[in-house]
Chemist: 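Before anything else, here's the structure in question.
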Amino acid sequence: MPELPEVENVARELRPALCGRRLLALDCHFPGVLIAGGGVEIDPWRPRRVVAVHRRGKLLLLDLEGDLGMSVHLRMTGRLSLEDPSTPRRPHTHVTAAVDDGRELRFVDPRRFGRVEVATRQHRAGTPFLRSLGPEPQDLDADALAARLAARRGPVKSVLLDQRLVAGLGNIYVDEILHRAGLHPRLEADRLLAPEIVGLVEAMRAVLDEAIESGGSTIRDYRSPDGRAGEFTARHRVFGRAGEPCLVCGTPVRKVRLSGRGTHFCPQCQPRRRRRPRRRTARRPRGGTP
DNA sequence: TCTAACCTGATC
DNA sequence: GATCAGGTTAGA
């Protein structure tokens, strides 16, 4: 659920609330959800000040004093909230941190896919997942995207979901971006035309900017740390709207399964027209250079 | 490159 | 009771 816009909203809300504050205690209530890395000792916990809050892809990163770094991945149902300790903890509250302003930072995750990790910042930076992340969408121009897409096979939808290609996109925003760009999700990533890639970059920026500004999308579980639902859901053009009319042309939105993920698109606005044929000479038996 | 697996809960 | 879900990844 939480994709780049949701995690960005969490970071923006936690930054002023946590920077400069100390985490007085850190407790894990379900084994395995809180992990220590890089030989860092977290039990017993020594109070640490939060130095910075940022985001990389779908990862939320807290820098702590003493060269420590905390990373939180919300995966499907993870949620961070900042609450008064007297408020009863919701079910599936797996990690809690006491903040020195009297509040409590809580990590709730029913499906328990999410993780909170505390490590040295150097160890965190070397984590395979973080290292493998592609560029932030904001840092990607059409040329760079074209180069990355050219090296990949498979439907553009699946390729955009791959965090190594570009970081932070998930199922909601890939569907919304492809609709905005007028591209069918099954188009081969390495056969997009230059103007289509320009449109794709523009759609990516536009959709993500709008989603961030409207607080992200709430399908079911997502809430910002102070409990607000995202309002971008109401502006989805295809995601979650199967059978409903496309907001651009009125054609019913279709939902199909593509590489295991529910995929929404408008068959009219996102035509699956014939692509420029792959030049025969461009085909190499295996891994050849073009 | 695709599927199954990791989990719980909501919905069909 | 079966199916589906916003993510990631190990294994085929």
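None of these values were measured; they are calculated from a predicted model. Below, read A as the first sequence line, B as the second, and so on, with proteins coming before strands; counting in each chain starts at 1. What you see below is based on every heavy atom in this structure, not just the backbone, and it leaves out hydrogens, waters and symmetry mates.
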Chemist: So which nucleotide from C:dG7, C:dT9, C:dA5 ends up closest to the side chain of A:K58?
Modeler: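 For A:K58, the side-chain atoms sit closest to C:dG7.
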Chemist: Anything under 30° is parallel, anything over 60° is perpendicular, the rest tilted; go ahead and classify A:H236 against A:Y173.
Modeler: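 Ring orientation, 0 to 90° scale: perpendicular.
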Chemist: With ring pair (Phe, Tyr, Trp, His ring centres under 6.0 Å) as the rule and sequence neighbours excluded, what pairs involving residues 39-59 of chain A come up?
Modeler: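 The answer is none; no pair qualifies.
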Chemist: If you look only at pairs with a residue in residues 26-42 of chain A, which of them pass as a salt bridge (charged side-chain N to carboxylate O under 4.0 Å, His left out), with sequence neighbours excluded?
Modeler: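 Residue pairs with at least one partner in residues 26-42 of chain A: there are none.
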Chemist: Hey, does A:R152 reach any base, or is it just sugar-phosphate, or nothing, if we go heavy atoms under 4.0 Å?
Modeler: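 Contact class for A:R152: none.
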Chemist: To the nearest angstrom, how far is A:Q163 atom CD from C:dT9 atom C1'?
Modeler: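 Distance check: A:Q163 CD to C:dT9 C1' gives 12 Å.
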Chemist: Quick one: stems involving DNA chain B, counted as three or more successive Watson-Crick or G-U pairs, both distances short of 3.5 Å.
Modeler: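 Stem list for DNA chain B: B:1-6 with C:7-12, B:8-12 with C:1-5.
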Chemist: How long is the line joining CZ of A:R220 and P of B:dT11, in whole Å?
Modeler: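 Computing the A:R220:CZ to B:dT11:P distance gives 6 Å.
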Chemist: Applying salt bridge (charged side-chain N to carboxylate O under 4.0 Å, His left out) as the test, list every pair that has at least one member in residues 230-242 of chain A; sequence neighbours left out.
Modeler: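 For residues 230-242 of chain A, and leaving out neighbouring residues, the salt bridge (charged side-chain N to carboxylate O under 4.0 Å, His left out) pairs sorted by first residue read A:E210-A:R235, A:R241-A:E244.
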Chemist: Between A:K255 and C:dA5, is there a side-chain N or O to OP1/OP2 distance below 4.0 Å?
Modeler: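 Result: yes.
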Chemist: Please give the distance between the C1' atoms of C:dT9 and B:dG9 as a whole number of Å.
Modeler: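 It works out to 23 Å between them.
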Chemist: Could you state the CZ-C1' distance from A:F129 to C:dG7, rounded to the nearest angstrom?
Modeler: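 About 8 Å, once rounded to whole Å.
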Chemist: From CG of A:L160 over to C1' of C:dT8, roughly how many Å is that when rounded to an integer?
Modeler: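 Rounded to whole Å, this separation is 17 Å.
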Chemist: Whole angstroms only, please: what is the CG-C1' distance between A:L4 and C:dG7?
Modeler: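 The distance from CG of A:L4 to C1' of C:dG7 comes to 14 Å, rounded to the nearest Å.
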Chemist: Using whole Å, report how far CZ of A:R261 lies from P of C:dC4.
Modeler: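 From A:R261 CZ to C:dC4 P: 14 Å.
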Chemist: Would the number of heavy atoms belonging to other residues, nucleotides or ligands and lying under 6.0 Å from CZ of A:R254 be above 12?
Modeler: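 For A:R254, atom CZ is not crowded (no more than 12 foreign heavy atoms under 6.0 Å).
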Chemist: Are side-chain heavy atoms of A:F129 and A:H73 found at a separation under 4.5 Å?
Modeler: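 The answer is yes, as the side chains (C-beta and beyond) meet within the 4.5 Å cut-off.
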Chemist: Do we get A:R112 above A:F30's six-membered ring, with its NZ or CZ under 6.0 Å from the centre and within 45° of the axis?
Modeler: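 So A:R112 does make the cation-pi contact.
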Chemist: For the residue pair A:R48 and A:L68, establish whether any side-chain heavy-atom pair is separated by less than 4.5 Å.
Modeler: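 SC-SC contact between A:R48 and A:L68 confirmed.
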Chemist: Using the P atom on both, measure B:dC7 against C:dG11 and round to a whole Å.
Modeler: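 Those two atoms are separated by 15 Å.
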Chemist: In whole Å, what is the span from the CZ atom of A:R186 to the C1' atom of B:dC2?
Modeler: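 To the nearest whole Å, that distance equals 13 Å.
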Chemist: Separation of A:D109 atom CG from C:dA5 atom C1', in whole Å?
Modeler: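 That distance rounds to 13 Å.
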Chemist: With sequence neighbours left out, write down each residue that passes salt bridge (charged side-chain N to carboxylate O under 4.0 Å, His left out) with A:R152, or none if nothing qualifies.
Modeler: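 Scan of A:R152 (salt bridge (charged side-chain N to carboxylate O under 4.0 Å, His left out), adjacent residues dropped) gives A:D162.
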Chemist: What does the B/S/- profile of nucleotides 3-8 of chain B look like, 5' to 3', with a 4.0 Å heavy-atom cutoff to protein?
Modeler: ---BBB
